[in-house]
Amino acid sequence: MKGPGRINVVVGTRGSELALRQTGLVVDALQTRWADLKFEIKIITTRGDDEKTALTDIRAGRKGLFTGAIERELVTEQIDLAVHSAKDLPSTLVANTEIAAVLPRAPVDDVLVATTPCDLNSLPGDGLVATGSVRRKHQLRWKRPDLEIVDLRGNVPTRLRKLATDRWHAIILARAGLERLGLNPNRARIEFEGSEFFTAMLPREIFVPAGGQGVIAIQIRGDDAQLRDLVAATNHFDTRLSLRAEREFLRLLHADCNQPVGVVAEVDGATMKMRGQIFDLGATAPREGYCEGPSEDAERLAAQLLQQING
């Protein structure tokens, strides 16, 4: 940001269509509140965007695949703020940075996107289902051990193109991403580039979402008080509380988005309700827990939930 008059803000983001849509939502929210802001969007390529290195890195358990390069540009002041899918952020941020605001949360459901009308129970035995999420693979094996699960990489449009051309029966995607790309899974069918697919919401009690799923996070440098004040106007309070609780649960567990862990917090008035799900190595069924309490006690509830799950 430069100058005492018109303020220029450089926003860092990945270059996928979904990332740019999400960044557009942030810019629109800021522009609505601060008409004198001028934005420059800087596209940054991350290790997660390179399919050749992403699979190796995911198998090695490396954190920040989709965020590390953006965070580096933030701390070196090449950009002023970063826009992320909150589920991609490691549970511990790069030093001297913070999540300054989040937009209202989108639905957290996972969606089965199939080539024929079906749901989780009616998928054909020995059917082929593709997903890149370790969490979703474990959840599928838990309830449908008869399915063959194959790996899937790429952004949402790439995954839909692969479904159209490969011999898979279905893939699993986040409802939030589909909706932000203008594809409405509530209608039980979607059309994409001339192909028709059929959608079914997956039961949330089985497919507990990843921490931060459906949340767009705005990250800034910790010493940038001016920008903190500017982005505060876009912050959705209940979503921020939920994200705090989910990220604390992951931090205590030392877990990130490449591990088979689901956690979701929901604020209902003054009450927060949290559900967690952990798949251990070699186990078919997860360890699960649920707790609720005052919404302002987000971190304490996260610790309580983990203690309950660990017995």
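For clarity, every value in this text was computed on a predicted model and none was experimentally measured.
Counting heavy atoms from C-beta on, the side chains of E71 and L93 come closer than 4.5 Å. Inter-residue side-chain proximity for D119 and S122 is flagged as met; some heavy-atom pair is nearer than 4.5 Å. Looking at heavy atoms from C-beta onward, D126 lies out of side-chain contact with L147 at the 4.5 angstrom threshold. Using a 4.5 Å heavy-atom threshold, the side chains of R180 and Q22 count as touching. Considering only heavy atoms from C-beta on, T115 stays 4.5 Å or farther from W168 through its side chain. A heavy-atom distance below 4.5 Å is not found between the side chains of H236 and L103. Two residues are said to be in side-chain contact when any heavy atoms from C-beta on lie closer than 4.5 Å; L253 and I278 meet this criterion.
Ring geometry for H138 against F279 counts as tilted: the plane angle lies between 30° and 60°, on a 0 to 90° scale.
Among all heavy-atom pairs drawn from L202 and V111, the shortest one is CD1-C, 4.1 Å. The shortest heavy-atom contact between G262 and V208 is C-CG1, 3.5 Å. Nearest heavy atoms, I79 versus G12: CD1-CA, 3.7 Å.
Under the salt bridge (charged side-chain N to carboxylate O under 4.0 Å, His left out) criterion, R240 pairs with no residue, sequence neighbours left out.
There is no side-chain donor-acceptor pair under 3.5 Å between N121 and R144.
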